Engineer: 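What follows is a structure written as structure tokens; I'll ask about it next.
Source: prediction; values computed, not measured. To find a chain, count down the sequence lines: A is the first, B the second, and so on, and within it residues start at 1.
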Protein chains: 2
Amino acid sequence: MNYQKIPDETIKRMPMYLRAFSILKTENQDTISSSQLAERLHLNPPQIRKDLSYFGAFGTRGVGYPVASTADQIRGILKLDVPQKAVLVGAGRLGAAIAEYPGFALFDLNIAAIFDNDPSKIGTKIGTNIVEDIEKIDTIKACDIHLAILAVPADTAQSVVDGLADCHIKGILNLSACYLAVPKSIKVVTIDLAMELGTLPYYMM
Amino acid sequence: MNYQKIPDETIKRMPMYLRAFSILKTENQDTISSSQLAERLHLNPPQIRKDLSYFGAFGTRGVGYPVASTADQIRGILKLDVPQKAVLVGAGRLGAAIAEYPGFALFDLNIAAIFDNDPSKIGTKIGTNIVEDIEKIDTIKACDIHLAILAVPADTAQSVVDGLADCHIKGILNLSACYLAVPKSIKVVTIDLAMELGTLPYYMM
DNA sequence: TCGTGCTTGTGAATGTGAACGCAAGCACGA
DNA sequence: TCGTGCTTGCGTTCACATTCACAAGCACGA
């Protein structure tokens, strides 16, 4: 196997490519060139070619990339060729919004369970799930769930993560404004809305 | 002026530093060394020193960084030393969650107006704001608002942005899964939840 | 069957950011 | 007043990512 380290930045762009190819498929376009795709995504053609070439030669010279099969390839690379289940922790306003967010469907990402520690929320229904008690988090061990979404206050996030670490969770999307200590077998992506908004004034003239 | 280009990555980390210094202040700690701070934030000490040194010499050798004055300096750099107002477009589930998100307060970022195009939402109250008709978006011209948060479906995002461009908006936090065309006087930060979650399975063993 | 035009794939060069290591220099105590 | 210990600030080195430029090669038409 011709092993080569694939840049993290390339991995970050792969879902973007997958979405683009999926949309092209619905538009019945058979092939697309790197320059056409670059225009859609506001990227440079060589970057797209380089990114895709890390995983093999998907395109045809003189023609472009075949839409359907390249989409399948990317899905396989990202392990999105099988439906992935995620557990959502935190059924507050933000959690509820995420539970019903339609954007996950394109990647076959499904919220399979919801937990909270607020007795007034436990038992209520959000979307197709019933909110369960966070104390019973280890029931997910039996459910083949390896992804978690964290939408809890910053001061309880770490204790939730400690619980998740015992439940075969391997990836966490953290929406709390805090820094999580995790075993290095778990990959964490943190999105901090306030931080992102807080950088914007700097760029204003 | 000894001009030097400051890395974007450094700017991205500045709100993180500001939050850390703000919290330290409430803990009545007068100074902090780069290594102590690095431990809190899971960063390397040299990186913190380099980041801060781009803007001047805030620290004292042998002692560390003075918490209160460094916090003020960073606030000034990020233009967060004056309260900033933002307009929220989209009063759906995600928009409502953001409107009541408590994390913005630390940075003195305030949601000053909310707009939507759904007649059933216009007139309702979210937090302290009343949802207004998107058709009347240009009323914000008179309100000294230069930030916008976009929580609308991907297919309507571009038309909203076109409207915002005429209203002195200079920074947009985009939560829709799409690529926005904007004049280059506007800085856009896009957060795509599905994309972020979509990268996680790749890293699972 | 051969030539032309177009687009990919890829090594090399450039640019950008992170990490390192050490000199500068403040505080504090003798 | 001087020496010691600690921590910053910064020049240099290293690693990573992007961009470039061109050869490889497929499709299509003559």
Engineer: Let me see the working for L37(A) and F21(A) under side chain to side chain contact (heavy atoms under 4.5 Å, CB included), right down to the final yes or no.
Structural biologist: CA-CA 9 Å; L37(A) 188 56; F21(A) 278 106; 4.0 Å; yes
Engineer: Assess whether a salt bridge exists between E27(A) and R40(A), defined as any Lys/Arg side-chain N lying under 4.0 Å from an Asp/Glu carboxylate O.
Structural biologist: yes
Engineer: Starting at CG of D51(A) and ending at P of dG9(C), how long is that distance when rounded to a whole Å?
Structural biologist: 12 Å
Engineer: We want to know whether D162(A) and Q158(A) form a side-chain donor-acceptor pair, criterion being a heavy-atom distance below 3.5 angstrom.
Structural biologist: yes
Engineer: Quick check: does any side chain N or O of T70(A) sit under 3.5 Å from a backbone N or O of V67(A), one acting as donor and the other as acceptor?
Structural biologist: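 No.
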Engineer: What range of DNA chain D does chain B touch, first nucleotide to last, counting atoms under 4.0 Å from its heavy atoms?
Structural biologist: dC6(D) to dT12(D)
Engineer: Would you find a donor on one side and an acceptor on the other, under 3.5 Å apart, between the side chain of K85(B) and the backbone of C143(B)?
Structural biologist: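 At least one qualifying donor-acceptor pair exists.
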Engineer: Which residue, G62(A) or R49(A), contacts DNA chain D at a nucleotide closer to its 5' end, judged by nearest heavy atom?
Structural biologist: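 Here R49(A) is the residue nearer the 5' end.
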Engineer: If you compare every side-chain N and O of R13(B) against the phosphate oxygens of dA18(C) (OP1, OP2), does one of them come in below 4.0 Å?
Structural biologist: yes
Engineer: To the nearest Å, give me how far apart CG (L52(A)) and C1' (dT7(C)) are.
Structural biologist: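 After rounding, the gap between these two atoms is 13 Å.
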Engineer: Looking only at atom types and distance, does a side-chain atom of Q29(A) sit under 3.5 Å from a main-chain N or O of T31(A), one as donor and one as acceptor?
Structural biologist: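 Checked: pair present.
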Engineer: Just the dot-bracket of DNA chain C, please: which string comes out with Watson-Crick or G-U pairs under 3.5 Å, [ ] for crossing, | for another strand?
Structural biologist: ||||||||||||||||||||||||||||||
Engineer: Is a donor on one side and an acceptor on the other found under 3.5 Å between the side chain of H146(B) and the backbone of H168(B)?
Structural biologist: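 Yes, H146(B) side chain to H168(B) backbone: donor-acceptor pair under 3.5 Å.
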Engineer: Taking side chain to side chain contact (heavy atoms under 4.5 Å, CB included) as the criterion, tell me which of V87(B), I169(B), L109(B), I111(B) meets it with L147(B).
Structural biologist: L109(B)
Engineer: Y65(A) side chain N/O closer than 4.0 Å to the phosphate oxygens (OP1, OP2) of dG9(C)?
Structural biologist: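 The answer is yes; a side-chain N or O of Y65(A) sits under 4.0 Å from OP1 or OP2.
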Engineer: Nearest whole angstrom, please: distance from the C1' of dG17(C) to the CD of E9(A).
Structural biologist: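 Atom CD in E9(A) sits about 11 Å away from atom C1' in dG17(C).
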Engineer: Should the pair D192(A)-R19(B) be classified as a salt bridge under the 4.0 Å nitrogen-to-oxygen rule?
Structural biologist: yes
Engineer: Could you check which residues of residues 25-48 of chain A get a heavy atom under 4.0 Å from DNA chain D? Sort them by number, please.
Structural biologist: N44(A), P46(A), Q47(A)
Engineer: Could you tell me whether the side chain of Q36(B) and the main chain of S33(B) form a donor-acceptor pair under 3.5 Å?
Structural biologist: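 Checking the backbone N and O of S33(B) against the side chain of Q36(B), a donor-acceptor pair under 3.5 Å is found.
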Engineer: Got a donor-acceptor pair under 3.5 Å from the side chain of R61(A) to the base of dT7(C)?
Structural biologist: no
Engineer: Please check: side-chain N/O of D116(A) versus main-chain N/O of A91(A), any donor-acceptor pairing under 3.5 Å?
Structural biologist: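 At least one qualifying donor-acceptor pair exists.
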Engineer: Figure out the OH/C1' separation between Y17(A) and dT8(C), and round it to whole Å.
Structural biologist: 14 Å
Engineer: With respect to the side chain of K50(B), which nucleotide from dG9(C), dA18(C), dA19(C) is positioned closest?
Structural biologist: dA19(C)
